[in-house]
Amino acid sequence: MEKAVEKVTYEIYIKSFYDSNDDGIGDLVGVTTKLNYLARLGVDAIMIDGLLVDPDQALNASSHFKQINPVYGTVADFDELVARAHQLNIEVGIKFSINHTALDHPWFQAATTGDAKYLNYYLVSPQAQISENPNQHWLPLGTTDHDYLHIGNAGEADLNWRNPDVINEFKQIFEFWIEHQVSIFQLQDVELIGKDLQLNTPAALADLATLRQQLVVEYLDLLDNEVFQRFPQVLVIIEQLTHASARTSFKKIWAKPNFVTYSDTHLLVDYQKDDRWTLVPYDFEDLRHVIHSGGVAHQTVLRQSVLFWDNPEQSRALNRFILQPEYYKDGAKLLGMILLAGQGVPMLYMGEEIGMEDSAYTHIGQYHDIETQAAYAKLLAKGYTEERAFAVVRNRSSDNTRVPMQWDASEFGGFSNVKPWLTPGEYEQTNVSYEIEKDDSVFTFYRNMIALRKRSLSLKYGEYQPAYEQTPELFAFIRHYGNENLLILAHFGSDDATIELPADTEDCEVLLSNYFTTELKQKYRLRPYEALIIKY
């Protein structure tokens, strides 16, 4: 789907977007209520995250793939949301994992009774084998004499994609949602579904080396041939293919017009030895290299990929990559420019467009995320002081991006009339009502940047060429299409930096800048966290 690059998608973590019925939790009617705001921003699609997940569970596991949890609303509410969104020329997508189910899913419940059909829906092994080869990835399956596999959390039972019945179930699931006018599917944990037959021997799972990318390709190809090719309007986003070999292994999938990839490799640049629960400064050179490498790969091997900074699984990019808080406003615009000018399919995350920051929590009890709580306990067990352990989780917790959306300066940030499920952030100055009417606001910048992308052939279809790679703290690239050349400059430094522009200033035009006034000179001095697009 080459037209995917024409669309700007806005991701919504539904539990935290807008509460319409005063239960402290966001819902579908709340999303419908705010569609006019999203139309004003200029987005073309929304991606709803968490819709099929029980909001009381801190797991990414569906209890039913064709039903919406009643806390969020009904399928009728979803249909109403889609109908209103289509009136505003906004498409609707949903996001869920296809690797596993929740333990209260009807399939799993039937399996716990020993039902032979549904036992084969999951990866199970006789308990006698498990007792001989103890493994943390296997747990008892109800009253049966089997254990079930969970690669992730214990409450996530891994499905057996080797079973044709499971694939047929997902064909029906996709067809169901397509009938309800879903036009984008973001599929999580996809690389985990290709489990080798060796998993019948539990000890073989020690390092997940038995995962087979070729099996994933076969399953996706089958779904495409039997479902998605009949619906060319549907875009399929595949998570989470981070291995280098995936670029070649999945060549067959990326050649398909309606499949794009999603990778968070750029968010690992401040991990220490791939450990999320560490606290080290990010490496700008690594960040620049990873994003440039992706930009070039998108036009060769991968063809195109989703571009994003934030999602519900990480802390805010604003806090991670803009090191001086006094420049957060300029930095929010800078990040938005990189995102919306890049090579690929841009996806904003709720709150980025108003410069929302990480939560300012003061104690561990304010966090709901189970991984955050577990990491805190592990850090204490390693000998960290409470202060040091809290500093780590405060900077790394997923709850940083799950903080309720900040609509105005009223109590609870206008998200709800009652105390929300998660403590709100600093909403007095950072909220939609404050931002939406100001010419120099983050919201206005995002709106202008989205509009620029829509009218620029270079930003949608142009080639991607890294630039000024020897200049410290400068992320720069050129987008070229036809006779149009656009230079995108994003300066991550707090000190000025001087560069030589690629053309005479008389032939240059500033299309957008995060500074209110910009005067071009041949030797141009970039100000702290300055971002601008120059046409030449």
Side-chain angles (χ1 to χ4, degrees), residues 1-10 42-45 235 237 247 254-263 265-266 287-309 333-348 445-471 474-492 499-505 507-514 518 520 524 526 530-536:
M1 182 179 286
E2 296 299 335
K3 289 189 176 180
V5 296
E6 298 177 0
K7 303 183 188 303
V8 175
T9 301
Y10 184 99
V43 301
D44 304 288
L235 179 67
I237 301 171
R247 291 186 177 179
W254 304 143
K256 295 176 180 292
N258 57 337
F259 279 73
V260 299
T261 184
Y262 179 107
S263 173
T265 307
H266 64 286
L287 180 66
R288 177 161 62 178
H289 172 73
V290 168
I291 297 180
H292 279 334
S293 297
V296 173
H298 297 164
Q299 59 201 18
T300 54
V301 180
L302 293 182
R303 193 173 61 82
Q304 59 191 34
S305 177
V306 171
L307 307 175
F308 72 98
W309 284 116
K333 297 174 183 179
L334 174 148
L335 294 173
M337 179 174 285
I338 294 173
L339 174 67
L340 289 158
Q343 167 79 279
V345 183
M347 183 180 292
L348 316 182
F445 184 88
Y446 265 81
R447 186 184 182 192
N448 291 338
M449 188 64 224
I450 291 171
L452 175 59
R453 181 182 178 90
K454 289 184 177 182
R455 66 177 183 264
S456 169
L457 296 178
S458 291
L459 295 183
K460 291 194 292 283
Y461 311 116
E463 295 180 0
Y464 182 102
Q465 178 185 339
Y468 298 101
E469 293 184 87
Q470 303 307 313
T471 304
L474 178 60
F475 184 85
F477 56 97
I478 296 167
R479 300 298 307 276
H480 167 75
Y481 188 90
N483 295 322
E484 184 180 65
N485 292 299
L486 300 183
L487 172 64
I488 293 85
L489 298 169
H491 179 222
F492 280 74
I499 61 170
E500 184 85 19
L501 292 180
D504 192 287
T505 54
D507 299 321
C508 295
E509 176 188 358
V510 176
L511 299 184
L512 191 62
S513 170
N514 66 346
T518 302
L520 292 181
Y524 186 72
L526 289 159
E530 182 172 9
L532 67 161
I533 298 181
I534 300 172
K535 181 179 179 180
Y536 67 96

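The model shown is predicted, which means the values in this text are computed figures rather than measured ones.
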Measure the spacing between CD1 of I478 and OH of Y468 and express it to the nearest 0.5 Å. 7.5 Å
Looking only at side-chain N and O atoms, does T265 offer a donor or acceptor that is under 3.5 Å from a partner on S263? yes
Looking only at heavy atoms, the pair that brings F445 and M337 closest together is CZ-CE, 3.5 Å
CA sep, side-chain torsions, deciding dist, call: L335, F492, side chain to side chain contact (heavy atoms under 4.5 Å, CB included): CA-CA 10 Å; L335 294 173; F492 280 74; 4.3 Å; yes
Side-chain touch Q465/H480, heavy atoms, less than 4.5 angstrom: no
Which value, rounded to the nearest 0.5 Å, describes the distance between L334 atom CG and L532 atom CG? 10.0 Å
Just by distance, do the side chain of R288 and the backbone of L474 share a donor-acceptor pair under 3.5 Å? yes
Considering the options H292, H491, H289, which one meets the ring pair (Phe, Tyr, Trp, His ring centres under 6.0 Å) requirement together with F475? H292
For a side-chain contact (heavy atoms from CB on, under 4.5 Å) with V8, tell me which candidate from L339, V345, L340, L307 qualifies. L340
Below 4.5 Å, heavy atoms only, C-beta onward: do Y481 and E463 meet side chain to side chain? no
With side chains defined as the heavy atoms from C-beta onward, is the minimum distance between T518 and Y524 less than 4.5 Å? yes
Less than 4.5 Å apart, any side-chain heavy atom of E509 and any of L511? yes
So, taking the atom named CG in L520 and the one named SG in C508, what distance separates them when rounded to the nearest 0.5 Å? 6.0 Å
Indicate yes or no: at least one non-hydrogen side-chain atom of D44 is less than 4.5 angstrom from one of K454. yes
State the CZ-OH distance between F477 and Y464, to the nearest 0.5 angstrom. 5.0 Å
M347 versus F308, closest heavy-atom pair with distance: O-CB, 3.6 Å
Rounded distance [0.5 Å steps], CG in L457 versus CG in N483: 11.0 Å
Pairwise side-chain contact, M449 with L452, heavy-atom cut-off 4.5 Å (strictly under): yes
For G344 versus V5, what's the shortest heavy-atom pair and its separation? O-CG1, 3.7 Å
Verify, without hydrogens or angle tests, whether R453 (side chain) and L459 (backbone) share a donor-acceptor contact under 3.5 angstrom. yes
Can any side-chain N or O of T9 pair as donor or acceptor with the backbone N or O of A45 at less than 3.5 Å? no
Heavy-atom check, side chain of W309 versus side chain of I338, under 4.5 Å: yes
Calculate, to the nearest 0.5 Å, the distance between atoms CG and CD1 belonging to L348 and I450 respectively. 5.0 Å
How close do G295 and Q343 get, heavy atom to heavy atom, and via which atoms? O-CG, 3.5 Å
